[in-house]
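Everything quoted here is computed from the prediction, not taken from an experiment.
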Amino acid sequence: MNQQTEDPRSPKRNRGPSRRDFFSRLGDGLHGAALASLLGTDLFRSNPAMAAAAHGREVYDLSPQPTHFEPKAKAVIHLFMNGGPSQVDLLDPKPALEKYAGQVPVREMTTDITSPHESEGLLPSPFKFQKYGQCGMDVSEIMPHFAKHVDDVALIRSMYGGHFNHEPALFLMHSGRTVSTRPSIGAWVAYGLGTENQNLPAYVVLDDPKGLPINGISNWQSAWLPPIYQGTRFRAEGPPVMNLDSRPEWPEGLADAERRLLRKLDAAHRAKRPFQPSLDGRISSYELAARMQLEAGDALDVSQEDEKTREAYGLNDTLTHSYGKRCLMARRLVERGVRFVQLYIESQIWDSHSNLVKGLRYACGKTDKPVAALLADLKQRDLLDSTLVIWGGEFGRLPLSQKNVNAESAGRDHGPPGFSVWLAGGGAKGGTIYGATDEFGHAAQENRTSVHDFHATILHLLGMNFRDLVFERHGLQERLTDQFPARVVEEIIT
């Protein structure tokens, strides 16, 4: 006897809802919403978008999010000095280098050299140091403008990294891992906090017109976080964002009608494809681009600043103009509610393998005055207390001469075992000198501070517990400080 197969498209009679029907309709109505809220991530563990929505958050937008506790900083300006600034020539003087100049160092130091045959022994700094401020911080003669602000700065002299080469060291400093597939800290901050201005991105990158840093745009990627959280590049020269303005030949009313139609089409398209993060992120990015037409141009228009401010940032000097303009843009962006602004410098100007004197004078000449102006301007506008300013690179330099013993042409190789960074404002304890390297400035020795400690401290100042800033992916609780021990450096916090 042939058994008739029921047409799957026909209505089922006299049958209650199946298990599949029940769960597919779970989100309908008040009862479903209440149950979803109670079950939360246990029910939707395979889908982070649904899990977060069950707890009342739209994951893929930039709306302001509650902090874990009261924050000390609302925004970050990250002055990233890609290439590796030399700590022993800028912020960490070592008299022992004078005493033992030219001598072959201990074996532990020579193992860190990429080309041991190029080493010519310990190299004293060619620059003089002087103590500044009430804290008595030692600063090199080639950073005279920054030296005036040391009482607002928490200097960490005991940073250490995990890789000798630029590419993995950059990924480590930005994402907490030496691999290229992790979200940057700016993306994590945007994901965790959103932004206070919905007409501008949460995370803005101001890269140098003369060239991208090593790793290019991967430095500010969102990786597997939704795309809405990745860094948005704003140009310092010409239109800040390409193709941002609507077509001028269209009347404004027609442009508005086009935007309304696109929103309806997007909503219909999204409704048929729920819980697709890449689609949600793409639509959110388009919506943000439309809103940016209203505000981005004004936010980055430094011509609105008075002449005194422009002069302070160095906009009237060829050497400082580019970096000064971007520092000023950064202040205007955080003033308007942008959460994380990151500045890069051209190519690798801190990468002093040779011609140390000429190279460092150029790098400091280009950045020192604008950085000092930014600190002074933020303070004068009562923004420094709520804005965390960070300065540093992916590593430092070794205290050895590379290629030549002549002080003018000699350089220094990469130095991840010990280097210096500083923080100002946003809850950082001004006038603090934390940690120390050994007598030659080679490796962090006292109060060693890892990149993961550094990241945990930044998140803490923004009101987030680094253990609780989580994105669920493939059943894993992903974190910025994932798989590594980390601690908040409480000693540099007010």
Side-chain angles (χ1 to χ4, degrees), residues 73-82 143-149 152-153 186 195-197 199-211 213 220 231-241 244 292 295-346 349 362-392 422-426:
K74 294 181 179 179
V76 174
I77 296 177
H78 189 187
L79 306 172
F80 192 72
M81 301 296 165
N82 38 288
M143 302 177 73
H145 299 284
F146 165 76
K148 300 173 184 177
H149 299 276
D152 292 319
V153 165
T195 186
E196 295 180 354
N197 188 334
N199 294 332
L200 291 170
Y203 177 17
V204 170
V205 175
L206 300 170
D207 56 302
D208 198 297
K210 288 189 175 182
W220 50 87
T232 300
R233 290 175 67 189
F234 279 177
R235 302 194 311 166
E237 304 297 335
V241 184
L244 182 63
M292 280 168 58
E295 195 159 340
D298 177 71
L300 301 178
D301 184 6
V302 299
S303 67
Q304 299 178 21
E305 302 288 337
D306 60 42
E307 186 57 31
K308 181 180 179 182
T309 300
R310 292 168 58 83
E311 172 60 32
Y313 278 90
L315 269 60
N316 299 324
D317 187 310
T318 303
L319 180 60
T320 53
H321 172 84
S322 175
Y323 201 76
K325 184 176 182 181
R326 282 178 284 137
C327 283
L328 184 50
M329 286 178 168
R331 188 222 79 203
R332 291 176 64 85
L333 287 167
V334 298
E335 201 171 30
R336 287 160 173 78
V338 173
R339 188 72 68 181
F340 201 102
V341 184
Q342 203 165 40
L343 278 70
Y344 288 84
I345 198 67
E346 65 184 86
I349 63 173
Y362 174 72
C364 289
K366 182 166 181 166
T367 60
D368 182 48
K369 182 177 179 179
V371 169
L374 174 64
L375 294 176
D377 199 12
L378 289 170
K379 191 170 186 178
Q380 184 267 329
R381 294 171 183 269
D382 293 326
L383 288 171
L384 188 59
D385 286 345
S386 61
T387 305
L388 179 64
V389 182
I390 305 167
W391 183 100
W422 58 256
L423 306 88

Item to complete: Could you tell me if the ring centre of Tyr344 sits under 6.0 Å from that of Trp220?
Response: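 Between Trp220 and Tyr344, which both carry aromatic rings, the centre distance is below 6.0 Å.
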
Item to complete: Compute the ring centroids of Trp422 and Phe146, then answer whether they are less than 6.0 Å apart.
Response: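 When the ring centroids of Trp422 and Phe146 are compared, they turn out to be within the sub-6.0 Å range.
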
Quick one: does any side-chain atom of [X] pair with a main-chain N or O of [Y] as donor and acceptor, under 3.5 Å?
X	Y	answer
Arg339	Lys74	yes
Asp152	Ala424	no
Asp368	His145	yes

Are any of the side-chain heavy atoms of [X] and [Y] separated by less than 4.5 Å?
X	Y	answer
Asp377	Tyr313	yes
Thr195	Pro201	no
Val76	Val334	no
Arg326	Asp208	yes
Leu79	Leu374	yes

Shortest non-hydrogen contact from [X] toward [Y]:
X	Y	value
Leu328	Glu305	CD2-CG, 3.7 Å
Ala312	Ala373	O-CB, 3.2 Å
Ala299	Leu333	CB-CD2, 4.1 Å

Item to complete: Under the side-chain hydrogen bond (donor to acceptor under 3.5 Å, both in side chains) rule, collect the residues that match up with Asp317, sequence neighbours excluded.
Response: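 Partners of Asp317 under the side-chain hydrogen bond (donor to acceptor under 3.5 Å, both in side chains) test: none.
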
Worksheet item: Mind checking what makes side-chain hydrogen bond (donor to acceptor under 3.5 Å, both in side chains) contact with Gln304, not counting sequence neighbours?
Response: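 For Gln304 the side-chain hydrogen bond (donor to acceptor under 3.5 Å, both in side chains) partners, ignoring immediate neighbours, are Asp298, Asp301, Arg332.
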
Fill in: All pairs passing ring-ring contact (aromatic ring centres under 6.0 Å, His included) where residues 321-342 contributes a residue, at least two apart
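Output for this query lists Tyr203-Phe340.
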
Discussion item. By the definition side-chain contact (heavy atoms from CB on, under 4.5 Å), identify the one residue from Leu384, Leu375, Val389 that meets it with His149.
Written reply: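 Answer after filtering Leu384, Leu375, Val389: Leu375.
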
Discussion item. Let me confirm one number: the CG-CD distance from Asp207 to Glu346, rounded to the nearest 0.5 Å.
Written reply: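 Atom-to-atom, Asp207:CG and Glu346:CD are 12.0 Å apart.
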
Fill in: Between CZ on residue Arg336 and CD on residue Glu196, distance to nearest 0.5 Å
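Rounded to the nearest 0.5 Å, the CZ-CD separation comes out at 14.0 Å.
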
Worksheet entry | Step-by-step salt bridge (Lys or Arg N to Asp or Glu O under 4.0 Å) determination, Glu311 to Lys369 | CA-CA 10 Å; Glu311 172 60 32; Lys369 182 177 179 179; 3.4 Å; yes

